[in-house]
Number of protein chains: 2
Amino acid sequence: MSQTVDRALSILPLLAEGPADLGQVAERLDVHKSTALRLLRTLHEHGLVYRQSDQRYRLGARLIALAQEAMENLDIREIAHPHLVRLNEQCGHTVHLAVYEENEVLYIDKVESRYPVRMYSRIGKPVAITVAGVAKLLLADLPEAERRVLADKLDYPMYTARSTPNAPAFLRELEKVREQGWATDLGGHEESINCVAAPIRGADGRVVAAMSVSAPNVVVTADELLTLLPLVRRTADAISGEYSGRTPVPSSKDPHD
Amino acid sequence: MSQTVDRALSILPLLAEGPADLGQVAERLDVHKSTALRLLRTLHEHGLVYRQSDQRYRLGARLIALAQEAMENLDIREIAHPHLVRLNEQCGHTVHLAVYEENEVLYIDKVESRYPVRMYSRIGKPVAITVAGVAKLLLADLPEAERRVLADKLDYPMYTARSTPNAPAFLRELEKVREQGWATDLGGHEESINCVAAPIRGADGRVVAAMSVSAPNVVVTADELLTLLPLVRRTADAISGEYSGRTPVPSSKDPHD
DNA sequence: ATGAAGGTTGCAGAGATTGCAACACTCCAG
DNA sequence: CTGGAGTGTTGCAATCTCTGCAACCTTCAT
């Protein structure tokens with residue numbers, strides 16, 4: 001909508017791939033070097049871009065700090081965190097919290113497993129959207145039309161033999177998840193890792209976030225993990241209740257109105 | 001340098017404070033509503049801004065994902081991580097890695113203490129720059145002129161009675177740190193928490209990052225923590241060596257040139 | 001020294017951006 | 001049901017900003 005800003009912002013994902021010098025940026029944006037320079041300067045002034053000693057540009061520290069603040073402002077995260085910790089204390093496995101936003105599902109919180117074998121994941125990292133239990137729950141709650149459109153746009157990488165292979169299969173899975181009110185991922189992302197997931201709902205019943213417990217086969221079998229389902233659902237419901245204001249929150253700072 | 005981009009980027013920190021509606025954004029930017037709308041739209045298209053259900057805007061998920069990539073591309077982080085983990089296995093305490101950039105010091109990696117008592121800190125969070133051991137090391141390495149200017153600009157919050165009180169004291173401390181080649185923070189940020197820190201240097205000898213081990217009094221006394229200094233320094237040196245290419249890296253993917 | 005490669009600046013023309021005003025929409029009160 | 005306030009949205013013309021160019025500067029390697 002705004003050409004200049006559009007160009008400037010296009011620089012960010014470009015630099016996310018790795019540092020680049022002025023010429024490379026200009027070329028990829030298809031603009032004159034001087035134009036690229038001025039855009040980079042503006043980004044630099046705002047701290048979103050940093051110029052390293054070899055004069056190449058990369059993403060700057062303020063970006064990281066901004067993202068940090070963005071996450072802390074997601075109040076679902078604040079409310080959920082203590083519940084996640086408690087769940088982790090009870091079962092010992094890795095607990096994740098994720099939200100959906102504009103065609104992406106992101107982990108926004110994580111409590112690490114107490115077992116030595118941990119799975120790889122990181123807060124802020126986009127989730128494997130076609131297989132993760134939390135992703136299924138979040139997408140299953142979208143209006144049907146939107147769900148169909150999105151399912152068509154997605155790629156269906158076969159991480160393992162049990163990955164969701166294509167859009168129709170995915171839509172069927174979402175329908176199932178929608179009805180049963182919980183989801184699993186049994187080795188669909190990594191052969192040896194399973195997870196059980198449950199939805200967190202706002203006051204209007206819409207799914208605002210999803211949480212999951214994950215563990216590798218070597219620690220517990222899929223069946224054993226499934227026995228945790230009631231606990232996971234209870235935790236999710238507790239968070240839902242607090243989030244939608246049904247439970248008097250133990251102690252919280254006053255909102256500014 | 002570029003008015004349009006400048007305005008657009010100014011929206012980000014504004015939204016970092018909390019969600020805002022179109023009118024509020026326009027007012028704070030001192031532009032017409034329609035202008036603010038178009039800037040917000042552009043930010044939205046790039047996913048940096050999200051429109052929540054009540055039509056207010058807040059920072060978007062792509063921002064978080066971008067920051068994630070930014071951090072993963074800091075190769076010092078990649079190189080250092082296994083060393084930090086090993087150090088944590090040896091001593092059991094919380095290990096931090098931090099870098100300096102444009103008047104800020106940021107934690108870019110962290111390995112949690114294995115003890116139940118943990119300190120609060122988060123990757124991406126700006127460090128308490130006047131007291132943290134890692135901050136002292138990073139600032140101590142700046143050219144003297146720059147150090148003086150920066151020291152003057154800083155605030156000196158008295159987190160505790162042992163916090164650095166003012167610029168002259170800070171500069172003296174930096175001088176000391178510079179000479180001894182390591183730093184501590186003994187209760188300067190939180191009364192009961194101490195830390196020992198060591199610098200990581202590039203091939204040219206400049207300090208590119210700093211790492212620290214932190215632990216609360218209730219777990220180990222300050223004196224006990226200090227006995228870890230040689231270990232911390234050895235770890236930092238190992239990272240320095242690998243970072244500046246003196247050590248043949250065990251295995252690494254090919255750079256694209 | 002010399003040349004090449006990349007970064008930086010002033011300038012005039014082109015074109016994008018701006019603010020305005022009118023319009024759409026939602027919500028609430030009468 | 002109707003009217004009105006509060007917001008968000010769009011078309012348009014004037015203008016001010018941004019763009020690309022070309023010349024200049026700096027750094028580095030030969």
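Just the heavy atoms: all of them, side chains too, but no hydrogens, waters or symmetry mates, feed the values below. Within every chain, numbering begins at 1; the chains are lettered A, B, ... in the order of the sequence lines, protein sequences first and strands thereafter.
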Original post:
To the nearest Å, how far apart are B:R38 CZ and D:dT9 C1'?
Top reply: 9 Å
**OP:** Compare side-chain N and O positions of B:T4 against OP1 and OP2 of C:dT17 and report whether any pair is under 4.0 Å apart.
**Re:** no
**OP:** Could you list by number each residue of residues 41-49 of chain B showing a heavy-atom separation from DNA chain C of less than 4.0 Å, or answer none if no residue does?
**Re:** none
Original post:
Distance-only, no hydrogens or angles: does the B:T130 side chain make a donor-acceptor pair with backbone N or O of B:T164 under 3.5 Å?
Top reply: no
**OP:** May I ask you to list the residues of residues 7-33 of chain B, by number, that have any heavy atom positioned under 4.0 Å from an atom of DNA chain C?
**Re:** B:R7, B:V31, B:H32
Original post:
Mind checking what makes side chain to side chain contact (heavy atoms under 4.5 Å, CB included) contact with B:R233, not counting sequence neighbours?
Top reply: B:W182, B:A198, B:L229
Subject >> Side-chain donor/acceptor contact of A:T35 with base of D:dC18 under 3.5 Å >> reply: no
Original post:
Checking salt bridge (Lys or Arg N to Asp or Glu O under 4.0 Å) for the pair A:K176/A:E173: CA distance, chi angles, key distance, verdict?
Top reply: CA-CA 5 Å; A:K176 187 185 111 197; A:E173 173 74 3; 3.8 Å; yes
Original post:
How many Å lie between CZ on A:R56 and P on C:dG6, as a whole number?
Top reply: 13 Å
Original post:
Is a donor on one side and an acceptor on the other found under 3.5 Å between the side chain of A:Y50 and the backbone of A:R62?
Top reply: no
**OP:** Using whole Å, report how far CG of B:L39 lies from P of D:dT17.
**Re:** 14 Å
Original post:
Roughly how many Å is it from CD in B:Q55 to P in C:dC25, rounded to a whole number?
Top reply: 13 Å
Subject >> Lys/Arg-Asp/Glu bridge criterion (N-O < 4.0 Å) met for A:R172, A:E175 >> reply: no
**OP:** Quick one: label A:S34 by what it contacts on the DNA or RNA (base, sugar-phosphate, nothing), any heavy atom closer than 4.0 Å.
**Re:** base
**OP:** Can you measure from OG (A:S240) to CD1 (A:I79) and round to the nearest 0.5 angstrom?
**Re:** 10.0 Å
**OP:** In whole angstrom, give the distance that lies between atom CG of B:L37 and atom P of C:dG19.
**Re:** 13 Å
Original post:
After noting the C-alpha distance and the side-chain angles of B:R41 and B:E45, does the key distance pass the salt bridge (Lys or Arg N to Asp or Glu O under 4.0 Å) rule?
Top reply: CA-CA 6 Å; B:R41 277 223 191 111; B:E45 274 173 21; over 6 Å; no
Original post:
Do you know the tightest heavy-atom contact between A:V127 and A:A132?
Top reply: CG1-CB, 3.2 Å
Original post:
Expressed in angstrom and rounded to an integer, what is the separation of B:L40 atom CG from D:dG8 atom P?
Top reply: 10 Å
Original post:
Is it the case that A:R38 and A:S34 place a side-chain donor and acceptor less than 3.5 Å from each other?
Top reply: yes
